[in-house]
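What follows is a single structure, written as structure tokens, with notes after it.
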Amino acid sequence: MLRVAAGSSSIRPCLARGKGPVQTLKTYLPSQTTPSKKRRTVAIAERSTLPTVFSRLASSAAALSRPQPPVTHHEQPVHELKPALHLPVTRIDDRKVVVGWDDGEWSRYHNIWLRDHCRCPECFHPITKQRLVNTFDIPADIRPAEVNSTPEGLEVKWPSSQPHTSLYPWSWLRETSYDPVLVPPRTAEKILWGSRIQQAPPTVLYEEIMAGDEGLFKWLSNVDQFGFCFVSGIPPAAEATEELATRIAFIRETQYGKFWDFTSDLAKGDTAYTTIALGAHTDTTYFTDPCGLQLFHLLEHSNGAGGATLLVDGFYVASILKELHPAEYELLSSVQIPSHAAGEPGALFTPTPKSGYPVLRHQDGELFQVRWNNDDRSVMKGLKPGIVEQWYDAIRIWHKLLTSEDSEYWVQLAPGTAVLVDNHRVLHGRSAFTGKRRMCGAYLGMDEYRSKLTVLAEKYAPTRPPEVSQQPGVNRRSIWSPLL
Ligand SMILES: C[N+](C)(C)CCCC[C@H](N)C(=O)O
Ligand SMILES: O=C(O)CCC(=O)C(=O)O
């Protein structure tokens, strides 16, 4: 879900309608064989505690006109309307098991898929959450000997040649249903912003973060929503800043070192180590996997001026480009950009593939990464001749939007306040400066950041209680966690 922060753009009216650029979640269209989705009403008062209880229509002719699945031995024939615990209808259907839900949906699970996803302690390690069953020992044509709907879930008895009983909780089956997809992937709400974010930039107190995981969760949740978050009240020292960074995860070491403390002395072969202005960019575009987070803390700036920090929400600017210049958006989403870091004699970094990656990267139609550093861009050898000028037109429009007054958020950092930036979304830069300026900080890996946020969210914002109680002595994480 994308939302545009208040007053963020002159074109807001066209964005405001849908509360900003709204993600279009794929909508599943059931196959012809799927019975009507008309809701079945609950005929019997008693309902199980199961999150989804299949209930059967008792009387409406409309329901009976619908093709009914064959009655199996555990279904209550419609004429017997005695109170009973109603569970999802299940049946073996050649190479699949079919589950009928109380909302009229039907899910189909391939037999091989079910056997491969058994989570009993023999098949799935309860502590390490790793698969133990040998997928390749499962006969390709495996077929259940029996399926039963039980209050705990779908019970599958596998044939005597492979004797085994599996149990799949109903809500796990619903969550993982792929034919059809019943629960679309959850994406955290992103709040897109322009220059007016300066009125209320996300900020967390250093002491709150250092005091415990709740403060850390608040900090990272802000980064997840806004793409950046300030930390105020930090002791103006490199040591405290490094300690702050490692609250998230181990620091990602690069050719610039682990924790960096830099100034304009060209100690490293990069213009960051000079006094020149740096336009809005994301870092390490020359890595196959650009660094995930970047922490900046200005420790000193004396005898000079300038050196202001620039932040631009790449997702916000991309949403405007998509709205106003769809053809250029498409070019920035497809043309690969090669990149390099060649300022150190002992290193020459380029990504794999060497042809690089587009500025705007998508998964299932959703923008998930912005990669843009025009200074580090290599020779555009891969451009098709027929689109060279269009591509330059596209990056010119992109640059114009990035550098518009509406997009740029300028802030003068000072000792004691750091900023943590999602380097896959928010571009940063700085104005030229004079005098002695000392900046420290660190890179963190995207996977390490997402892991920490996920673990904190399990504790402070669980999406649902663990499906089944844990085996004693194992870690708190459910073997049925939707995150696995
Ligand atoms: C942050 N630190 C000063 C260590 C290095 C900056 C490197 C910047 C480089 N041009 C890039 O975009 O990756
Ligand atoms: O010096 C700064 O404020 C930022 C430098 C920069 O853009 C970088 O290190 O990537």
Side-chain angles (χ1 to χ4, degrees), residues 227-228 230-231 236 238 241-242 244-245 251-302 304-312 314 337-344 346-351 356-357 359 369-378 402-403 408-446:
F228 78 102
F230 290 107
V231 180
T241 310
E242 181 168 5
L244 176 67
I251 287 171
R252 179 167 167 182
E253 191 166 8
T254 66
Q255 67 273 33
Y256 308 111
K258 210 169 167 192
F259 184 79
W260 13 269
D261 188 339
F262 67 100
T263 184
S264 51
D265 59 3
L266 263 183
K268 295 289 181 184
D270 188 278
T271 48
Y273 297 75
T274 71
T275 61
I276 68 170
L278 300 173
H281 66 279
T282 61
D283 271 18
T284 63
T285 50
Y286 38 77
F287 287 161
T288 306
D289 168 30
C291 295
L293 298 182
Q294 196 161 349
L295 180 67
F296 285 112
H297 186 192
L298 183 71
L299 295 180
E300 180 194 345
H301 189 182
S302 53
T309 293
L310 168 64
L311 298 175
V312 180
I337 296 187
S339 185
H340 64 262
E344 293 289 310
L348 204 170
F349 289 96
T350 56
Y357 296 84
V359 180
Q369 187 180 16
V370 172
R371 293 169 77 121
W372 177 252
N373 187 321
N374 204 46
D375 298 350
D376 294 359
R377 176 165 56 86
S378 305
L402 282 176
T403 56
E408 293 190 335
Y409 168 37
W410 285 95
V411 57
Q412 185 67 54
L413 291 182
T417 298
V419 63
L420 184 64
V421 178
D422 175 347
N423 184 56
H424 286 202
R425 166 182 170 182
V426 172
L427 299 90
H428 65 278
R430 71 162 185 233
S431 59
F433 64 90
T434 55
K436 175 158 177 47
R437 181 175 182 270
R438 186 182 160 209
M439 177 74 84
C440 75
Y443 287 130
L444 292 143
M446 181 56 83

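All ligand and atom numbering here is 1-based and tracks the order in the structure.
The backbone N or O of L278 lies less than 3.5 Å from no partner atom in the side chain of R430, so there is not a single donor-acceptor pair. With H428 contributing its side chain and A280 its backbone, the two residues share no donor-acceptor pair below 3.5 Å. Looking only at distances, no side-chain donor or acceptor of S431 sits under 3.5 Å from a matching main-chain atom of A277. Of the possible polar contacts, one joining the T263 side chain to the R437 backbone as a donor-acceptor pair under 3.5 Å is found.
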For ligand 1, find each of its N or O atoms that sits under 3.5 Å from a protein N or O atom, and tabulate the pairs with distances to one decimal place.
from     : atom 1 : to   : atom 2 : distance (Å)
ligand 1 : 10 (N) : D270 : OD1    : 3.4
ligand 1 : 10 (N) : D270 : OD2    : 2.8
ligand 1 : 10 (N) : D376 : OD2    : 2.9
ligand 1 : 12 (O) : D283 : OD1    : 3.1
ligand 1 : 12 (O) : N373 : ND2    : 2.9
ligand 1 : 12 (O) : D376 : OD2    : 3.2
ligand 1 : 13 (O) : T284 : N      : 2.7
ligand 1 : 13 (O) : Y286 : OH     : 2.5

Is there any protein N/O under 3.5 Å from an N/O of ligand 2, and what does the full list of such pairs look like?
from     : atom 1 : to   : atom 2 : distance (Å)
ligand 2 : 1 (O)  : R430 : NH1    : 2.8
ligand 2 : 1 (O)  : R437 : NH1    : 2.9
ligand 2 : 3 (O)  : R437 : NH2    : 2.7
ligand 2 : 7 (O)  : H281 : NE2    : 3.3
ligand 2 : 7 (O)  : H428 : NE2    : 3.2
ligand 2 : 10 (O) : H281 : NE2    : 3.3
ligand 2 : 10 (O) : D283 : OD1    : 2.9
ligand 2 : 10 (O) : D283 : OD2    : 2.8
ligand 2 : 10 (O) : H428 : NE2    : 2.9

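In this structure, F349 and F287 have perpendicular ring planes: the angle between them is above 60°, well past the 30° mark.
For the side-chain hydrogen bond (donor to acceptor under 3.5 Å, both in side chains) test, residues two or more places apart in sequence or in another chain that qualify with H340 are S378.
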Atom pairs and distances, side-chain donor-acceptor, residues 269-276, under 3.5 Å, sequence neighbours left out:
from : atom 1 : to   : atom 2 : distance (Å)
D270 : OD1    : A272 : N      : 2.8
T274 : OG1    : T271 : O      : 2.6
T274 : OG1    : I276 : N      : 3.2

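Of the inter-residue distances, the one linking K268 atom NZ with W260 atom CH2 reads 13.0 Å to the nearest 0.5 angstrom.
The side-chain contact (heavy atoms from CB on, under 4.5 Å) with P290 is formed by just one residue from the set N373, T284, T282, D283; it is T284.
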